[in-house]
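What you are looking at is a predicted structure, and each value in this text was computed from that prediction instead of being measured. Chain identifiers are assigned alphabetically (A, B, ...) following the order of the sequence lines, protein sequences preceding nucleic acid strands; residue numbering begins at 1 within each chain.
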Amino acid sequence: MSALYRTHHCGQLRAADAGQVVSLAGWVASRRDHGGVIFIDLRDRAGLTQVVFRPEEAAAVAQQAHALRSEDVISVRGRVAKRLVGTENTRLATGEIELVADALTILNKADTPPFPLDAEAANEDLRLAHRYLDLRRPRMARNLQTRHRVVKTVRDYLDDHGFLEIETPILSKSTPEGARDFLVPSRLQPGSWYALPQAPQQYKQLLMVGGLDKYFQIAKCFRDEDLRADRQPEFTQIDIEASFVERDDILQLVEGMLAAVFKAARGVEVPLPFPRLTYDEAMNRYGSDKPDTRFGLELVDLSDVFALSQFKVFAGALSSGGVVKAINAKGFAGVTTGQIEELTKMAQSYGAKGLAFIKVENGEWKSPIVKFFSAQEKAALTEKLGIAEGDLLLFGADKRETVCEVLGRIRLRVAEILKLVTDPARLDFLWVTDFPLLAFNAEENKWDAVHHPFTRPLAEDVELLKQGELGKVRAAAYDVVLNGFEIGGGSIRIHEPELQAQMFSVLGISAEQQAKQFGHILKAFSFGAPPHGGIALGVDRIVMLICGETSIRDVMAFPKNNRGQDLMSQSPSEVEPKQLRELALQSTVRQAPAAAAAAPPRPAATAAPAAP
RNA sequence: GGAGCCUUAGCUCAAUUGGUUAGAGCGCCGCCCUGUCACGGCGGAGGUUGCGGGUUCGAGCCCCGUAGGCUCCGCCA
């Protein structure tokens, strides 16, 4: 550390340092000017230290300190002193001491910040437009330090387990599967395009063919889809692939890694191994492939209860091959009409026709549908759902997938309303395994890969694949879930060219297309591909959960807003016509005539670019 | 592409049924103040109520349009 500016950080000094002469540098977080004595809270990324200026000890320095304002950058030299008895601040790590200044250098004056840095609330777009100021706030500094700790732990852990960190290209090849690609025009091959990787999927498999055995990468990935609180167009994955491994090797490796990460970054012991659920179990019990198991409220199947019901909605759903399920929201009989309306709307938005309910109040079942139920049905309901006074029962009757999805979403909303997650520190990790290999795409009347086309079917289901029972084939795929967030997913891959070709043909990818889009990987597999598999974990989501944040934007240094814009640098932006010409590109976007007419005249330099 | 909520001072918000000069706290500026840590006291500046149109004697408030922000659906193998 350059002693010119500082000898210590602002979070470092303690009572044991009293008597030392030190220097600190940082930003003025606040000033309390008493006319005589002046206090300054000096802030850097490590914390706050109180600096005191005493006119009787250093008159000129104190005079200088009167001019200090918030966010000025200063360097202060002085003596570390225990605070006067009774003036210690227990809320500050450095609260037992203060720095008695004898020299002050104002390194840079600062304009008044556009939003307060010591308060939590401010418009996010304002924060994003001045992200460099937002990052000075202790919470953001802490989040980025935690992120560093997570990534560092991952690197060390994987290195210890024999993994090599290998970079793969950012300029890569577009593939039709999956998310929309970001495209980069090639100048040297006009009319051709690179794609930014959605994930290093093919490269990491090719590294296995290349005999690298164990690979990982802290990989930037790009997907040109709409944004969410937990989705950005560019994000970071811990990408892992290993050869000669089975599913449980990967699961164990990842469990150990996550335990190490949570130990290092949050100081908690994560119990191992993680519980496992099959996909079918997760859907049937929680209505989600990423169940939040911090609370119960499980889906209960009532199909056998209502098989012969007089209630046509239930009987109809069952006779057409559907199911009837319900959740019992204990103690929610006091639900308001508005809340029922909200839940009903929600159910409809996920494809349900409605949301039947029963309120159990004063020993009575209050519901528009209960009059259709027989005594037997009521008795069976009571038993299966454990019905008691004060309960609210919510029903779904439809196709199995619809009912699970709808009740799964309702379950989460009800848990939120009833505040069923009582321990904010609770961490429920689990694996979801045995995902379906394929899903029917009704829109395009074809089968799609649920994970990706290189995912291996379970050995015992390969026969089903050959017989064309495509909906029943399970994949050697797995997701790791934490508190209802999917934080990672992977699979054991197909390493045999014949099986891969069969998979492609099931997906309706012709031999010609296979050669064009996947020729390189099929060829690679023909030269001796080892059995291999891997996983990718979302760094942003993991750090978000460790930090207790609700948006991944709060754990990224420079995130983009809802519309994919960087409000600070104003990207994306227009480029010079010359740049487009070099790339052999022409925009089809026309400027609206009205807007063009209203726009101020452009400087000549940009209005009339030099002729080529 | 769709839905919901939001937009008033630099920030966070208020403003009765549509009614006089749009207020408060914080911040900012000035003066005072020698143990504060949300320091305190006194004074001051700061507003095209996102923008455009309409209804009305009168609009921050009602109506229409539009822009922007966030959340969600679709989308995200």
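For the side chain to side chain contact (heavy atoms under 4.5 Å, CB included) test, residues two or more places apart in sequence or in another chain that qualify with Lys353(A) are Asp398(A). Residues passing the side chain to side chain contact (heavy atoms under 4.5 Å, CB included) test with Pro55(A) are Ala62(A), sequence neighbours excluded. With sequence neighbours excluded, the residues satisfying ring-ring contact (aromatic ring centres under 6.0 Å, His included) with His452(A) are Phe454(A).
Here the nucleotide nearest the side chain of Glu225(A), chosen from U34(B), C76(B), U36(B), is C76(B). If you check C75(B), C29(B), C11(B) against the side chain of Pro116(A), the one that comes closest is C11(B). Checked against G35(B), C28(B), C76(B), the side chain of Glu98(A) finds its nearest nucleotide in G35(B). Of all nucleotides listed (G10(B), G74(B), U36(B)), U36(B) comes nearest to the side chain of Phe39(A).
Residue Phe115(A) and nucleotide C11(B) are not classified as a stacked aromatic pair, given the requirement of ring centres less than 5.5 Å apart at an interplanar angle below 30°.
Across all strands shown, U7(B) forms a Watson-Crick or G-U wobble pair, both distances under 3.5 Å, with A67(B).
Atom NZ of Lys290(A) is surrounded by 12 or fewer heavy atoms from other residues, nucleotides or ligands within 6.0 Å. More than 12 heavy atoms of other residues, nucleotides or ligands shown are found within 6.0 angstrom of CZ on Arg131(A).
For Arg223(A) and C76(B), a side-chain-to-base donor-acceptor distance below 3.5 Å is absent, hydrogens and geometry of angles not being considered. In the interface, the side chain of Arg69(A) is not paired with the base of C29(B) through any donor and acceptor atom under 3.5 Å apart.
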Can you give me the N/O atom pairs linking the protein to nucleotides 1-3 of chain B at distances under 3.5 Å, or say none if there are none?
none

Table of protein N/O atoms under 3.5 Å from nucleotides 38-40 of chain B N/O atoms:
from, atom 1, to, atom 2, distance (Å)
A38(B), OP2, Arg91(A), NH1, 3.4
A38(B), OP2, Arg91(A), NH2, 2.1
C39(B), N4, Asp33(A), O, 2.5

Please produce a list of atom pairs where a protein N or O lies less than 3.5 Å from an N or O of nucleotides 66-70 of chain B.
from, atom 1, to, atom 2, distance (Å)
G68(B), OP1, Arg563(A), NH2, 2.9
G69(B), OP1, Asn561(A), ND2, 2.9
G69(B), OP1, Gln565(A), OE1, 3.3
G69(B), OP2, Arg563(A), NE, 3.1
C70(B), OP1, Asn562(A), N, 3.3
C70(B), OP2, Asn562(A), N, 3.4
C70(B), OP2, Asn562(A), ND2, 3.3
C70(B), O3', Arg553(A), NH2, 3.1

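Side-chain contact check for Val432(A) versus Thr278(A): every heavy-atom pair is 4.5 Å or farther apart. Side-chain contact between Thr236(A) and Asp540(A) is present, with heavy atoms from C-beta onward closer than 4.5 Å.
When the C1' atom is compared between C11(B) and G1(B), the two are found 35 Å apart, to the nearest whole Å. Between the C1' atoms of C33(B) and G40(B), the separation comes to 8 Å (whole Å). Straight-line distance between the P atoms of A3(B) and U66(B): roughly 12 Å, to the nearest whole Å. With both ends at atom C1', the span from A59(B) to U17(B) equals 13 Å, rounded to whole Å. Straight-line distance between the P atoms of A15(B) and G54(B): roughly 28 Å, to the nearest whole Å. Across A14(B) and G53(B), the matching P atoms stand 28 Å from one another, rounded to whole Å.
Here the side chain of Arg231(A) pairs a donor or acceptor atom with the backbone of Asp226(A) at under 3.5 angstrom. Put simply, the side chain of Thr49(A) gets close to the backbone of Cys10(A): a donor and an acceptor are under 3.5 Å apart.
Within 4.0 Å (heavy atoms only), Leu126(A) reaches sugar-phosphate atoms of the nucleic acid but no base atom.
Ser30(A) and Asp41(A) share a donor-acceptor pair across their side chains, judged by distance under 3.5 Å alone.
Classification of the Tyr279(A)-Phe435(A) ring pair by plane angle, with boundaries at 30° and 60°, yields tilted.
Within the 4.0 Å cut-off from OP1 or OP2 of C73(B), at least one side-chain nitrogen or oxygen of Arg409(A) is found.
Between Thr112(A) and Thr87(A), it is Thr112(A) whose nearest contact on RNA chain B lies nearer the 5' terminus.
Under the 6.0 Å cut-off for aromatic ring centres, His34(A) and Phe39(A) qualify, their centroids lying closer than that.
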